[in-house]
Amino acid sequence: MNKSIFKKFLAGSLAALVSFAASAKDFVMVGSLIEPPWKYYEYNSDLEMEILVGIDIDIFREIQRRTNLKFEFKRLEYSRALVELENNNIDILAGVTKSLSEKKALKVPSWPYIEKLPENVYHSSKKQLKTKRYQDLYSYSVGLIKSFSYDDRLDDDPLINKEYSEDGLDLFKKLVSGQIDAIIASDWEAAYFSRLLGSSDDVQVVTDFTLNDTTDRYMAYSAKLPQYIQRKIEDALDQMIEDGTLDRILDKYFKKVHPEAQAAAEPEK
């Protein structure tokens with residue numbers, strides 16, 4: 001092979017390697033806990049298989065549509081998710097609170113992608129509680145869905161009789177069967193799990209009062225995620241907030257877990 005041909009071959013090979021490397025950086029690994037309605041598996045009758053769906057999944061797919069980023073989702077247990085992020089085995093963990101990010105020194109944007117998510121105290125219609133203030137919770141057994149976006153001040157309160165679970169549906173089953181007195185959860189969670197349990201009066205879940213604090217959901221990044229990818233994600237989220245796409249995603253799931261809201265929105269025939 002003469003020198004000029006060899007140089008062209010080498011230049012072409014290097015260009016291909018650079019192009020491949022640049023393209024490889026566009027793949028972003030997202031840690032996915034199963035936390036309905038944010039991320040969960042739903043049976044798809046057309047595909048005849050369970051697929052990953054939820055609010056966060058729709059948000060990531062919309063970001064992917066607006067950028068050249070390609071998100072892959074890795075299913076993780078709650079106990080492993082932060083470890084995987086800290087060990088740089090995943091690039092992003094969605095749904096962390098500001099207090100958790102500060103406690104764990106996680107990299108997060110300066111603003112949340114979901115703001116002021118209220119946490120309410122829910123109880124079964126079978127068992128009316130007298131909870132008009134936070135301190136009233138001390139009289140009851142309280143279920144907490146373990147996730148990275150609940151109000152973690154409850155962890156440090158020794159006066160609350162707490163039962164933790166990563167399985168929100170199991171907690172709500174215990175609530176309506178009288179095994180626990182109350183659950184602290186967001187409206188999204190309560191509506192989703194109540195719908196799975198049914199809509200009759202004997203499984204109706206009602207709220208009592210909203211806690212003083214509300215939680216925000218942040219994206220947490222691994223140390224290895226390049227700055228330019230972070231900027232792409234945040235620019236796309238800014239656009240989605242500004243053009244109303246994020247609200248439409250939330251509205252879609254609100255109607256999904258509140259069928260009566262969907263029915264009310266439909267025009268009469």
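All residue numbers in this chain count up from 1 along the given sequence. All of these numbers come straight from a predicted model, not from anything done at the bench.
The pair Asp136-Lys130 does not meet the salt-bridge criterion, since no charged nitrogen lies less than 4.0 angstrom from a carboxylate oxygen. Between Lys116 and Asp216 no salt bridge is recorded (no basic side-chain N to carboxylate O distance below 4.0 Å). For the pair Arg80 and Glu77, the salt-bridge criterion is not met [side-chain N within less than 4.0 Å of a carboxylate O].
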Task: Audit row: Leu137, Ile184, side chain to side chain contact (heavy atoms under 4.5 Å, CB included) steps and yes/no - done: CA-CA 10 Å; Leu137 293 173; Ile184 293 174; 4.0 Å; yes

Open item on the list: Quick one, Asp208 with Arg133, criterion salt bridge (Lys or Arg N to Asp or Glu O under 4.0 Å). Give me CA distance, side-chain angles, the key distance, then yes/no.
Closed with: CA-CA 10 Å; Asp208 203 316; Arg133 56 187 187 137; over 6 Å; no

TODO: Given side chain to side chain contact (heavy atoms under 4.5 Å, CB included), test Ile233 with Phe71 step by step and report yes or no.
DONE: CA-CA 11 Å; Ile233 291 169; Phe71 295 105; 4.2 Å; yes

Task: Full working for side chain to side chain contact (heavy atoms under 4.5 Å, CB included) between Ile114 and Trp188 - done: CA-CA 12 Å; Ile114 302 289; Trp188 301 95; 5.8 Å; no

- [ ] Go through the steps for Thr245 and Arg66 under the test side-chain hydrogen bond (donor to acceptor under 3.5 Å, both in side chains), then give the verdict.
- [x] CA-CA 12 Å; Thr245 302; Arg66 293 170 185 244; 2.9 Å; yes

Open item on the list: Does Asp238 form a side-chain hydrogen bond (donor to acceptor under 3.5 Å, both in side chains) with Tyr113? I'd like the steps, not just the answer.
Closed with: CA-CA 9 Å; Asp238 275 338; Tyr113 68 99; over 6 Å; no

- [ ] Could you check Phe148 against Tyr78 for ring pair (Phe, Tyr, Trp, His ring centres under 6.0 Å), going step by step and ending with a plain yes or no?
- [x] CA-CA 8 Å; Phe148 294 124; Tyr78 174 82; 4.5 Å; yes

Task: Chi angles and distances behind the side chain to side chain contact (heavy atoms under 4.5 Å, CB included) call for Ile180, Val142 - done: CA-CA 6 Å; Ile180 57 176; Val142 179; over 6 Å; no

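Phe209 has its ring centre no less than 6.0 Å from the ring centre of Tyr134. Taking the six-membered ring for Trp and the full ring otherwise, the centers of Tyr192 and Tyr40 sit less than 6.0 Å from each other.
Separation of atoms OG (Ser149) and CG (Leu117) is listed at 7.0 Å; rounding is to 0.5 Å. In this structure, CZ in Arg65 is found 14.0 Å from CZ in Arg61, a value given to the nearest 0.5 Å. Atom CG of Leu69 is separated from atom CD1 of Ile63 by 8.0 Å, given to the nearest 0.5 angstrom. To the nearest 0.5 angstrom, Ile57 atom CD1 is 14.0 Å from Glu62 atom CD. Here CG of Leu85 is found 7.5 Å from CG of Asn88. Values are rounded to the nearest 0.5 Å. To the nearest 0.5 Å, atom CD1 of residue Ile229 and atom CZ of residue Phe27 are 11.0 Å apart.
For the residue pair Thr97 and Leu100, the shortest heavy atom distance occurs at OG1-N, 3.2 Å. Among all heavy-atom pairs drawn from Glu189 and Ser186, the shortest one is OE1-N, 2.9 Å. Shortest non-hydrogen contact noted between Ile59 and Met219 is CG2-CE, 4.4 Å. Heavy atoms only, all atoms of each residue included: Ile145 and Ala185 are closest at CD1-CB, 4.3 Å. Residues Leu76 and Ala81 approach most closely at CD1-CA, 3.9 Å, considering heavy atoms. Scanning both residues, Val108 and Ser101, for their nearest heavy atoms gives CG1-CB, 3.7 Å.
Without hydrogens or angle criteria, Ser141 side chain to Asp181 main chain gives a donor-acceptor distance under 3.5 Å. A donor-acceptor pair under 3.5 Å links the side-chain atoms of Lys126 to the main chain of Val176, judged by distance alone. No donor-acceptor distance shorter than 3.5 angstrom exists from the side chain of Glu72 to the backbone of Met29, with no hydrogens or angles considered. Checked by atom type and distance alone, the side chain of Lys232 never pairs as donor or acceptor with a backbone atom of Asp26 at under 3.5 Å. Checked by atom type and distance alone, the side chain of Ser177 pairs as donor or acceptor with a backbone atom of Lys174 at under 3.5 Å. Judged by distance alone, the side chain of Gln230 and the main-chain N or O of Leu225 form a donor-acceptor pair under 3.5 Å.
Under a hydrophobic-cluster definition in which Ile, Leu, Val, Met, Phe, Trp and Tyr are linked whenever side-chain heavy atoms come within less than 4.5 Å, directly or via other members, Leu169 and Ile183 are assigned to the same cluster. Following chains of ILVMFWY side-chain contacts shorter than 4.5 Å, one can reach Tyr41 starting from Val30, so the two form part of one hydrophobic cluster.
Taking 4.5 Å as the limit, every side-chain heavy atom of Asn44 sits out of range of all side-chain heavy atoms of Val53. Taking the side chain as every heavy atom from C-beta outward, Ile92 and Tyr221 approach each other to under 4.5 Å. In this structure the side chain of Ser32 reaches within 4.5 angstrom of the side chain of Leu52, judged on heavy atoms. Residues Lys173 and Leu197 have side chains in contact (heavy-atom distance under 4.5 Å, counting atoms from C-beta outward). Asp167 is not listed as a side-chain neighbour of Phe172, based on a closest heavy-atom distance of 4.5 Å or more. Side-chain contact between Arg75 and Ile34: present, with at least one pair of heavy atoms (C-beta onward) separated by less than 4.5 Å.
In this structure, Asp235 has no salt bridge (charged side-chain N to carboxylate O under 4.0 Å, His left out) partners at least two apart in sequence or on a different chain. Residues satisfying the ring pair (Phe, Tyr, Trp, His ring centres under 6.0 Å) criterion with Tyr122, sequence neighbours excluded, are absent altogether. With sequence neighbours left out, the ring pair (Phe, Tyr, Trp, His ring centres under 6.0 Å) criterion links Tyr218 to no other residue.
The salt bridge (Lys or Arg N to Asp or Glu O under 4.0 Å) contacts involving residues 46-57 comprise Lys39-Asp56, Asp56-Arg217, where partners must be two or more places apart or lie in separate chains. A salt bridge (Lys or Arg N to Asp or Glu O under 4.0 Å) check over residues 138-149, counting only residues at least two apart or in different chains, returns nothing.
In the hydrophobic clustering, where aliphatic and aromatic side chains (Ile, Leu, Val, Met, Phe, Trp, Tyr) are joined below 4.5 Å either directly or transitively, Tyr140 groups with Leu129.
In the model, Asn89 has no side-chain atom that pairs as donor or acceptor with a side-chain atom of Lys74 under 3.5 Å. For the residue pair Asn161 and Tyr138, no side-chain donor N or O sits within less than 3.5 Å of a side-chain acceptor on the partner.
The environment of NZ in Lys107 is crowded: more than 12 heavy-atom neighbours from other residues, nucleotides or ligands sit within 6.0 Å. The 12-atom threshold is not exceeded at CD of Glu242, counting heavy atoms of other residues, nucleotides or ligands nearer than 6.0 Å. Heavy atoms from other residues, nucleotides or ligands lying under 6.0 Å from NZ of Lys224 number more than 12.
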